[in-house]
Amino acid sequence: MPSSNQRRPGPASYGPASNWPGGPFPAAKDPATLMAVETAAEVATAVRAARSTRYWSQDRLADEAKVSRTTITRLEAGSGWVDLQILVRVANALELKVALVPIG
């Protein structure tokens with residue numbers, strides 16, 4: 001476990017969600033939390049990839065999505081849960097669609 005002055009690397013460091021060990025809740029065991037962690041990693045990786053493809057800074061994405069840069073940083077780091085409205089704003093700015101798909 002990192003000390004309080006060390007940051008845990010997020011999905012941007014690990015790449016695909018399958019490489020992201022435990023996300024923000026490494027002790028979680030219940031299936032719903034584990035699925036939420038995997039989804040957060042997938043969202044974080046997709047947002048960062050889409051932003052990078054556009055050569056946008058986090059500040060630029062925050063301006064386009066009308067959210068704070070801190071929100072973008074947290075979203076890309078997978079370090080917390082994001083409100084659905086915020087996620088939709090960021091997705092729209094990146095011309096991405098938020099969708100539910102079958103598991104599997």
Side-chain angles (χ1 to χ4, degrees):
M1 184 116 179
S3 69
S4 61
N5 63 351
Q6 292 179 317
R7 301 178 105 197
R8 286 176 24 123
S13 302
Y14 294 115
S18 59
N19 296 341
W20 194 26
F25 303 105
K29 301 283 187 247
D30 68 283
T33 302
L34 294 173
M35 186 175 288
V37 167
E38 182 177 327
T39 300
E42 290 170 358
V43 166
T45 303
V47 167
R48 173 131 189 202
R51 179 180 62 79
S52 296
T53 298
R54 287 167 175 73
Y55 301 100
W56 286 2
S57 65
Q58 288 183 337
D59 286 319
R60 168 82 186 268
L61 177 53
D63 289 344
E64 296 287 335
K66 298 181 178 35
V67 299
S68 70
R69 188 194 50 77
T70 301
T71 296
I72 300 300
T73 300
R74 288 181 181 156
L75 179 63
E76 288 187 2
S79 63
W81 306 125
V82 178
D83 184 88
L84 182 58
Q85 183 179 20
I86 300 294
L87 180 58
V88 169
R89 283 183 186 179
V90 172
N92 284 341
L94 294 169
E95 298 178 344
L96 298 173
K97 182 177 182 176
V98 176
L100 297 174
V101 295
I103 297 172

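Numbers here are sequence positions counted from 1.
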What closest approach, in Å, do [X] and [Y] show between heavy atoms, and which atom pair accounts for it?
X: Leu75; Y: Ala44; value: O-CB, 3.2 Å
X: Leu96; Y: Ala46; value: CD1-O, 4.4 Å
X: Leu87; Y: Val82; value: N-CG1, 3.9 Å

To the nearest 0.5 angstrom, please state how far the [atom1] atom of [X] sits from the [atom2] atom of [Y].
X: Ile86; Y: Ser68; atom1: CD1; atom2: OG; result: 8.0 Å
X: Arg89; Y: Asp83; atom1: CZ; atom2: CG; result: 8.5 Å
X: Asp63; Y: Gln58; atom1: CG; atom2: CD; result: 12.0 Å
X: Glu42; Y: Met35; atom1: CD; atom2: CE; result: 9.5 Å

- [ ] Would you kindly confirm whether Leu84 and Leu94 end up in one hydrophobic cluster when ILVMFWY residues are joined by side chain heavy atoms under 4.5 Å apart?
- [x]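 Yes: a chain of side-chain contacts under 4.5 Å links Leu84 to Leu94.
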Task: Ion pair check, Arg54 and Glu64, cut-off under 4.0 Å - done: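 So Arg54 does not pair with Glu64 through a salt bridge.
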Task: Donor + acceptor pair across side chains of Arg74, Thr70 (<3.5 Å) - done: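 On atom types as modelled, these side chains do not qualify, holding no pair under 3.5 Å.
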